[in-house]
Asker: 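Okay, here's the structure, questions in a sec.
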Amino acid sequence: MRLAGKTILITAAGQGIGRASAIACAAEGARVFATDLNADLLAGLKGIETWPFDVTDAEAVARTASRVGRLDGLFNCAGFVPHGTILDVTDADWEFSFNLNVTSMMRLTRACLPAMIERAAETGTASILNMASVASSVKGFPNRAAYGATKAAVIGLTKGIAADFVRQGIRANALCPATVDTPSLRGRIAAAADPVQAEKDFIARQPMGRLAAVEDIVPMVVYLLSDESRFVSGQAVLVDGGVTI
Ligand code: NAD
């Protein structure tokens with residue numbers, strides 16, 4: 001099994017990419033701690049340790065880091081998609097988005113890193129995976145001004161962590177999917193003025209002619225958390241269905 005003997009913490013594991021990642025990592029032999037803001041969403045994750053966790057709550061971040069102890073893998077998956085151009089963004093939306101998508105990731109990584117460094121001293125490597133997006137410094141998309149800014153920041157943060165701790169066995173990579181069919185995407189489609197057209201528009205911008213399924217993304221999550229990727233660090237890894245061809 002590809003993750004045998006590893007302990008991995010995942011945020012936003014209640015649904016979407018985070019949930020599918022928790023299931024896949026457990027199936028590959030990892031001890032998985034699956035957390036999410038919404039405790040109800042975690043209820044169906046059998047054989048996986050779960051607890052409710054708001055990543056924007058600084059005290060909860062400290063409690064979670066001490067609860068998990070030594071970690072081989074941290075998947076910071078939590079994120080939110082603010083919609084609109086820069087003319088639509090309020091200061092409050094901007095702050096909320098950076099707080100959830102970037103600051104919480106920095107805090108949780110900072111809290112978990114000392115124990116990950118200890119673990120890497122024993123095993124040779126520990127892996128941090130930060131959820132970015134192809135909508136970031138990689139590529140601009142309409143109505144993603146604040147979102148793209150947060151995900152570009154994730155890539156910069158990830159590269160900084162990778163550079164600072166490479167000698168201590170820590171690897172850090174950012175994952176950049178294109179549009180994935182998840183509950184929050186369905187919510188964004190449903191909230192559009194014309195949901196049928198909105199879904200067509202999401203599909204039209206993906207050259208492969210379809211939305212990604214979570215199963216298209218999760219193999220890269222497992223790879224980046226496993227020792228198979230032991231020579232990979234500081235990368236923005238695209239799983240984008242050809243969006244950037
Ligand atoms: P989703 O948006 O459907 O679900 C997000 C989960 O995050 C929910 O279970 C929610 O309860 C949880 N959450 C929300 N706020 C939280 C908080 N403060 N603390 C802890 N958990 C919280 O899932 P998704 O679409 O798979 O998105 C997951 C990540 O992937 C996000 O960072 C998103 O930006 C990124 N992403 C998604 C897509 C896509 O098209 N779906 C594409 C690229 C990147």
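Keep in mind it's a predicted model, so treat the numbers as computed, not measured. For ligands, and for the atoms within them, numbers begin at 1 and follow the listed sequence.
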Asker: When you pair each N or O of ligand 1 with protein N or O atoms, which pairs come out under 3.5 Å?
Answerer:
residue, atom, partner, partner atom, Å
ligand 1, 2 (O), Ser184, OG, 2.6
ligand 1, 3 (O), Gln15, NE2, 2.8
ligand 1, 3 (O), Ser184, N, 3.0
ligand 1, 3 (O), Ser184, OG, 3.2
ligand 1, 4 (O), Gln15, NE2, 3.1
ligand 1, 9 (O), Asp36, OD1, 3.4
ligand 1, 9 (O), Asp36, OD2, 2.7
ligand 1, 11 (O), Asp36, OD1, 2.6
ligand 1, 18 (N), Asp54, OD1, 2.9
ligand 1, 19 (N), Val55, N, 3.0
ligand 1, 21 (N), Leu37, N, 3.2
ligand 1, 25 (O), Thr182, OG1, 2.6
ligand 1, 25 (O), Ser184, OG, 3.2
ligand 1, 26 (O), Ile17, N, 2.8
ligand 1, 32 (O), Cys77, O, 2.8
ligand 1, 32 (O), Gly79, N, 3.3
ligand 1, 32 (O), Lys151, NZ, 3.0
ligand 1, 34 (O), Tyr147, OH, 2.7
ligand 1, 34 (O), Lys151, NZ, 3.2
ligand 1, 40 (O), Val180, N, 2.7
ligand 1, 40 (O), Val180, O, 3.4
ligand 1, 41 (N), Val180, O, 3.2
ligand 1, 41 (N), Thr182, OG1, 3.3

Asker: Is there a side-chain contact between Leu108 and Leu9 in this structure, where contact means two heavy atoms from C-beta onward sitting under 4.5 Å apart?
Answerer: yes
Asker: Do Ser229 and Arg171 have side-chain heavy atoms sitting under 4.5 Å apart?
Answerer: yes
Asker: Counting only N and O atoms by type, is there a donor-acceptor contact under 3.5 Å from the side chain of Gln235 to the main-chain atoms of Ser233?
Answerer: yes
Asker: Any side-chain heavy atom of Glu118 sitting closer than 4.5 Å to one from Gln168?
Answerer: no
Asker: Could you walk me through whether Arg19 and Asp36 pass the salt bridge (charged side-chain N to carboxylate O under 4.0 Å, His left out) check?
Answerer: CA-CA 9 Å; Arg19 182 186 185 87; Asp36 196 284; over 6 Å; no
Asker: Got a sec, which hydrophobics cluster with Val166, joining ILVMFWY side chains under 4.5 Å apart, including via others?
Answerer: none
